[in-house]
Amino acid sequence: MKFESKTVHIGVCTDHTGALSTPIYQSATFRHPALGQSTGYDYTRSLNPTRKILEDGIAQLEEGAAGYAFSSGMAAVTAVLMIYKQGDHIVIVEDCYGGTYRVVDKVFSQFGLEATFVDGSNIDEVAQAIKENTVAIIVETPTNPLMKIVDIRAMIELAKSTNAHCIVDNTFLTPYFQRPLALGADIVIHSGTKYLAGHNDLVCGLVVAREAELAEKIKYIQNSTGAVLSPNDSWLLIRSIKTLALRMDRHNANAIAVAQWLENHPAVKSVYYPGLDKHPGKSIHDKQATGYGGMLSFTVENAKRAADVLEKVKLISFAESLGGVETLITLPAVQTHADVPVDVRERLGISDCLLRLSVGIENAEDIIADLAQALD
Ligand SMILES: *Cc1c(COP(=O)(O)O)cnc(C)c1O
């Protein structure tokens with residue numbers, strides 16, 4: 001079955017009632033048929049039928065052995081980090097999601113998980129960061145907010161050479177555009193809050209492991225620590241994923257149109273979008289993904305101008321988050337990346353002139369018209 005058909009058919013119900021939509025099993029506990037017997041479901045933290053449909057569905061889309069659903073993207077990131085132990089070392093891209101930076105730098109450091117932050121687009125720098133105790137290389141591509149491209153295959157090779165896992169946060173592109181496990185990565189993480197849920201109305205996270213043995217470790221952490229996705233929210237995410245392909249195509253087409261328009265605007269200094277021909281990572285991106293997604297960043301001449309844009313937008317909302325049907329704009333230096341140390345932020349180019357757009361699925365002409373009046 002092709003990808004679009006798989007998304008639509010996640011959770012199509014086949015029970016005796018004939019219901020098409022999957023039921024929401026809003027039950028904390030499950031009756032045992034007899035002593036020593038189980039229906040397969042005992043208690044919802046361990047396993048819930050609605051959540052299981054979602055978990056099997058995302059595993060199928062990402063081409064992994066098994067998937068797990070969490071109450072947020074950060075709960076998913078945390079569950080993955082918890083498979084490691086004190087004295088282990090990870091290598092992670094420095095321009096990762098701000099919350100991921102914070103949990104690694106401020107929380108897991110307290111438990112003795114060592115980390116080196118690197119420029120993931122510089123393969124030599126990543127290779128040099130690897131130590132004897134390196135257990136994982138964690139990447140995002142495109143990165144947030146500067147849309148740098150990381151060569152997933154090169155990261156997999158580096159990880160293999162040292163017996164470490166290669167972990168990819170695939171939030172920005174989703175399995176519709178990029179499937180890291182099929183390339184050989186070990187784990188994929190999602191903030192499902194973004195494109196998978198897609199409507200700015202749900203907070204959730206997902207993890208998929210390529211092999212069953214590693215999947216079991218994630219499952220053990222999920223059950224032991226308990227940040228599971230509720231049956232209701234699992235159902236909403238199943239419902240959302242059915243339109244993933246349609247939405248991603250429109251996000252992609254709109255972002256290309258907006259990026260090209262911004263490139264030619266006199267008030268815009270630079271545009272960061274992997275779909276632009278001049279993007280330095282485009283050729284690598286084209287080898288590992290089939291679309292560019294809906295995220296782009298751009299700079300204006302000064303902080304005042306950036307603040308003006310945020311104030312003047314009408315159709316576009318000045319709000320954090322991304323990946324929903326509505327177009328959002330944000331100032332990463334002050335919002336999403338406030339917890340990244342100032343020196344790192346400055347080195348990365350996350351200045352107060354940098355605006356990040358999550359291009360929605362409105363008509364592109366309306367998005368461009370709103371940006372035109374805001375940049376005037
Ligand atoms: C938003 C985001 C997260 C965190 O997800 P939440 O659902 O907000 O907890 C992790 N990684 C990336 C790339 C994100 O954009």
Side-chain angles (χ1 to χ4, degrees), residues 3-4 6-8 10 54-55 57-64 67 69-77 96-97 99-100 139-145 147 149 152 168-181 188-208 229 233-256 258-259 273-275 285 288-297 316-317 319-330 336 356-362 364 367:
F3 188 89
E4 295 84 343
K6 285 185 200 166
T7 62
V8 171
I10 293 174
L54 168 66
E55 293 179 335
I58 191 66
Q60 201 192 3
L61 298 182
E62 285 284 10
E63 300 178 19
F70 295 86
S71 53
S72 70
M74 284 319 303
V77 169
C96 60
Y97 176 71
T100 301
V139 302
E140 294 176 19
T141 182
T143 63
N144 178 9
M147 310 300 292
I149 300 305
I152 297 176
V168 180
D169 182 329
N170 205 26
T171 299
F172 271 32
L173 291 181
T174 82
Y176 181 58
F177 283 143
Q178 181 168 275
R179 291 195 277 281
L181 301 185
V188 158
I189 302 174
H190 278 280
S191 169
T193 311
K194 315 296 167 51
Y195 289 102
L196 293 176
H199 293 73
N200 291 321
D201 57 6
L202 179 60
V203 172
C204 53
L206 296 162
V207 176
V208 182
L229 193 63
D233 285 350
S234 296
W235 184 89
L236 265 175
L237 187 51
I238 291 167
R239 209 266 300 258
S240 299
I241 289 173
K242 289 172 189 280
T243 57
L244 179 68
L246 288 174
R247 287 186 284 107
M248 291 312 290
D249 279 338
R250 177 64 84 92
H251 283 296
N252 191 63
N254 280 359
I256 290 171
V258 171
Y273 184 65
H285 183 89
Q288 62 193 20
T290 54
Y292 306 102
M295 296 302 299
L296 63 89
S297 296
I316 301 170
S317 294
E320 281 171 56
S321 200
L322 60 104
V325 290
E326 300 93 356
T327 299
L328 306 181
I329 192 164
T330 182
T336 51
R356 189 191 74 184
L357 264 183
S358 169
V359 181
I361 66 167
E362 300 95 338
I367 301 168

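Side-chain atoms are counted along with the backbone in the values below, which use heavy atoms only and exclude waters and symmetry mates.
- Residues L237 and L206 form a side-chain contact, since some pair of their non-hydrogen atoms from C-beta on lies under 4.5 Å apart.
- Between atom CZ of residue R356 and atom CD1 of residue I329 there is a gap of 10.5 Å, rounded to the nearest 0.5 Å.
- At a threshold of 4.5 Å between non-hydrogen side-chain atoms, the residues P175 and L196 count as touching.
- Y176 and F3 have tilted rings, their planes meeting at an angle from 30° to 60° on a 0 to 90° scale.
- Put simply, the side chain of H199 never gets that close to the backbone of V325: no donor and acceptor are under 3.5 Å apart.
- Atom NE2 of H285 and atom CG of L173 lie 5.0 Å apart (nearest 0.5 Å).
- When all heavy atoms are compared, the tightest approach of L181 to G64 is CD1-CA, 3.7 Å.
- The minimum heavy-atom distance between A59 and G67, with the atom names listed, is CB-N, 3.6 Å.
- When all heavy atoms of H190 and N170 are compared, the closest pair comes out as CE1-O, 3.2 Å.
- Within the 4.5 Å cutoff, the side chain of L328 has no heavy atoms near those of the L322 side chain.
- L202 contributes atom CG, which lies 11.5 Å from atom CH2 of W235 (distance to the nearest 0.5 angstrom).
- Annotation: side chain of L61 is in contact with side chain of I10 (closest heavy-atom distance under 4.5 Å).
- Side chain of S297 to backbone of P145: a donor-acceptor contact under 3.5 angstrom is found.
- Nearest heavy atom pair, residue A255 against residue G293, reads CB-O, 3.4 Å.
- A 4.5 Å side-chain heavy-atom check between T290 and F177 finds at least one atom pair inside the cut-off.
- Residues I316 and I367 meet the side-chain proximity criterion, which asks for heavy atoms closer than 4.5 Å.
- The structure places NZ of K194 at 8.5 Å from CE of M295, a figure rounded to the nearest 0.5 Å.
- Between E62 and R179, the closest heavy-atom pair is OE1-CA, 4.0 Å.
- Using modelled atom types, one side-chain atom of N254 and one backbone atom of G360 make a donor-acceptor pair closer than 3.5 Å.
- If you take CD1 on I189 and CE on M74, they are separated by 8.5 Å, rounding to the nearest 0.5 Å.
- Note: E362 CD to R250 CZ = 9.0 Å, rounded to the nearest 0.5 Å.
- The two residues S240 and R247 come nearest to each other via the heavy atoms O-NH2, 2.8 Å.
- Judged purely by distance below 3.5 Å, without hydrogens or angles, the side chains of T171 and E140 never pair a donor atom with an acceptor atom.
- Within the 4.5 Å cutoff, the side chain of Q178 has no heavy atoms near those of the F172 side chain.
- In this structure, C204 and L229 have side chains that are in contact, with non-hydrogen atoms separated by less than 4.5 Å.
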